[in-house]
Amino acid sequence: MKLKSENAPDYIRLAEELRRSEERYHKMIAEVQDYAILLLNKNGDIQNWNIGAEMIKGYKASEIIGKNFRQFYTAEDVKNGLPDRLLQAASTTGRAAAEGWRVKKDKSLFWASVVITALHDESGEIIGFSKVTRDLTERKKYEDRLLSNALELEAKNQELEILNAELSSFAYIVSHDLKEPVRKIRIFADRQLEENKSPEENRKFTQKIITSAEHMQALMESVLLYSRVSIESAAPETIDLNEILQTVKNDLELTIQENNARIKAEKLPVINGIRFQLYQLFLNLLSNAIKFAKPGELPEISITSTLLTKDLLPAELPVKTRSYYQITFADKGIGFEQQHAENIFDVFKRLKKDALGTGIGLSIVKKVTLNHHGYVTATSEPDKGAAFQVYLPAT
Amino acid sequence: MADDDQDDTELFEEALRNIDTHIEFYRATNGKELITQLSAARIPPEIIFLDINMPELDGWESLKTIKRDDRLKAIPVVMYSTSAAKIDGNKAIKAGAVCYLEKPHSFIKLQDFLEKISGSPKDKLVATLKSIEATRSHNIIVA
């Protein structure tokens, strides 16, 4: 008893110290500004609120204490059960951390970094959770900006690589394809100057010079057309592809009649695009299909259109976030081996030497699809016809 | 000779005939045809001229096929193309051709060239081609 009475002031002092320490502790939490530090009960109902929480989320303590913490989550997250899953995870593992968009009082979003920790009583029963939230919106924005800059840089790089490849392929064209007819004109003109040539032989040389000059002209026109398709960009407009097809059919009327070509087309979609480019696409695919009919057979071409949702798109498509129309141009002509299906789109690639073609038509087709954020693929087998699948974004 | 350009093969054959009517000349219009002809030939040719841009099997692939074939790999190959690109010339030598020849702009030049090689003794043929290769113009700007 003596001892006790002697120590009584100590108890009082200790109790006072404890009370002060607890108060300091509460104040510390209450006044932390950078973190929302909350206490949740077992159901996730909010038990306390600090200045940080008010600053980050916008509610005053009186407005929010007693409400469930679910209201900080987006409707979609709530629907997907994210808040419950986080509590569940904290219950089982002691702690759950997450980053994501959360909702403020004014319904605006902020990027939150959240740690939820389970609180236990002496017997180990869960009595609630502590939840510490930090607003990392600025960091998130910065990261997103970095990412989008990086993506933009990568896209620019790819664009440059394509331009470089085009430039070197153009240099090759000049060094080879455009030189060839000039060389022939020179060599046959030279031969006309040889002595003792009969008039027939000289006529033959003249004819060869004319053919070479014509070929040269066709090549130059194709190169110009290709560069026009590459460089010239008109503002996209709403285009009815049925109209484009009709215009091309009118312009090809003579060829269609001469070859008795049959063109069967389904109803085609209306898309956003550049008129003269889409005209070139239809013109080249149709005239190719007529040109490469099997000898002795009438050209038969079918044009079909399907709307593909984004999960059905081919891997080559640059953008897969929207739906695309797949427009297929199928013919019953001479076809080609599938191994050539990619390089037929290269500038001046010709699988068959053919005075009619410059080997640039399909390059134009490819360029047009790329300009429209689309793609073109080809499938074929020799003598079994060819099919060109053109992918254009649906509006 | 494998070349899909009929004008070039005709000019080539005519130039050969003007030099020596006894030279046997065979032409293929692409690499695939050439390889078939070479496999069927009882006596392999003494020299092969290969165009680069041909349908079916191009000059590069044909050269590879020839150099892989024990029976054919010793035959000297001349790459014969319109391309003046230096890169093609260097690539040809690297791939095993003895000489890269840009298709000439005059018939006389073609004849001169063919006279030089047809006049060379069989055992000096490769050396002759190598000396022609050594004079290949190096002032070409297209890479």
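Letters A, B, ... mirror the listed sequences (proteins, then strands); counts begin at 1.
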K.L.:
Answer yes or no: is there an ion pair linking R183(A) with D8(B), defined by an N-O contact shorter than 4.0 Å?
P.N.:
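Looking at R183(A) and D8(B), the cut-off is met.
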K.L.:
Got a sec, which residues hit side-chain hydrogen bond (donor to acceptor under 3.5 Å, both in side chains) with T29(B), two or more places apart in sequence or on another chain?
P.N.:
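Result, side-chain hydrogen bond (donor to acceptor under 3.5 Å, both in side chains) vs T29(B): E33(B).
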K.L.:
Taking only residues at least two apart or on different chains, which pairs with a member in residues 21-63 of chain B satisfy ring-ring contact (aromatic ring centres under 6.0 Å, His included)?
P.N.:
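Checked against ring-ring contact (aromatic ring centres under 6.0 Å, His included) - neighbours excluded - the pairs reaching residues 21-63 of chain B are F12(B)-F25(B), F12(B)-F49(B).
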K.L.:
Tell me, with the steps shown, if K184(A) and K103(B) meet side-chain contact (heavy atoms from CB on, under 4.5 Å).
P.N.:
CA-CA 10 Å; K184(A) 283 197 183 165; K103(B) 289 180 180 175; over 6 Å; no
K.L.:
Of the backbone (N, CA, C, O) and the side chain (C-beta and beyond), which part of K109(B) lies under 4.5 Å from a heavy atom of chain A, both, or neither?
P.N.:
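Nothing of K109(B), per the 4.5 Å heavy-atom cut-off to chain A.
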K.L.:
With only heavy atoms counted, which part of L11(B) is less than 4.5 Å from chain A, the side chain, the backbone, both or neither?
P.N.:
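L11(B) touches chain A through side-chain heavy atoms alone.
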K.L.:
Is the count of non-hydrogen atoms from other residues, nucleotides or ligands lying under 6.0 Å from K367(A) atom NZ greater than 12?
P.N.:
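Yes, enclosed.
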K.L.:
Heavy-atom cut-off 4.5 Å, strictly under: side chain, backbone, both or neither for Q339(A) against chain B?
P.N.:
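Answer is neither: Q339(A) stays 4.5 Å or more from chain B.
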K.L.:
Give the intermediate values and the outcome of side-chain contact (heavy atoms from CB on, under 4.5 Å) for residues E180(A) and D5(B).
P.N.:
CA-CA 10 Å; E180(A) 193 165 275; D5(B) 190 313; 3.7 Å; yes
K.L.:
Could you report the tightest heavy-atom contact between I187(A) and P104(B), atom names first, then the distance?
P.N.:
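Taking every non-hydrogen atom into account, CD1-O, 3.7 Å.
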K.L.:
At what distance, to the nearest 0.5 angstrom, does CG of L193(A) lie from CD1 of I108(B)?
P.N.:
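With rounding to 0.5 Å, CG (L193(A)) is 10.0 Å from CD1 (I108(B)).
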K.L.:
Please determine whether the number of non-hydrogen atoms from other residues, nucleotides or ligands lying under 6.0 Å from atom CD of E46(B) exceeds 12.
P.N.:
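Open: at most 12 neighbouring heavy atoms sit under 6.0 Å from CD of E46(B).
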K.L.:
Take a 6.0 Å sphere around NZ of K197(A) and say whether it holds more than 12 heavy atoms from other residues, nucleotides or ligands.
P.N.:
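Yes, the 6.0 Å shell around NZ holds more than 12 heavy atoms from other groups.
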K.L.:
Evaluate whether atom NZ of K116(B) has more than 12 neighbouring non-hydrogen atoms of other residues, nucleotides or ligands under 6.0 angstrom away.
P.N.:
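No, not enclosed.
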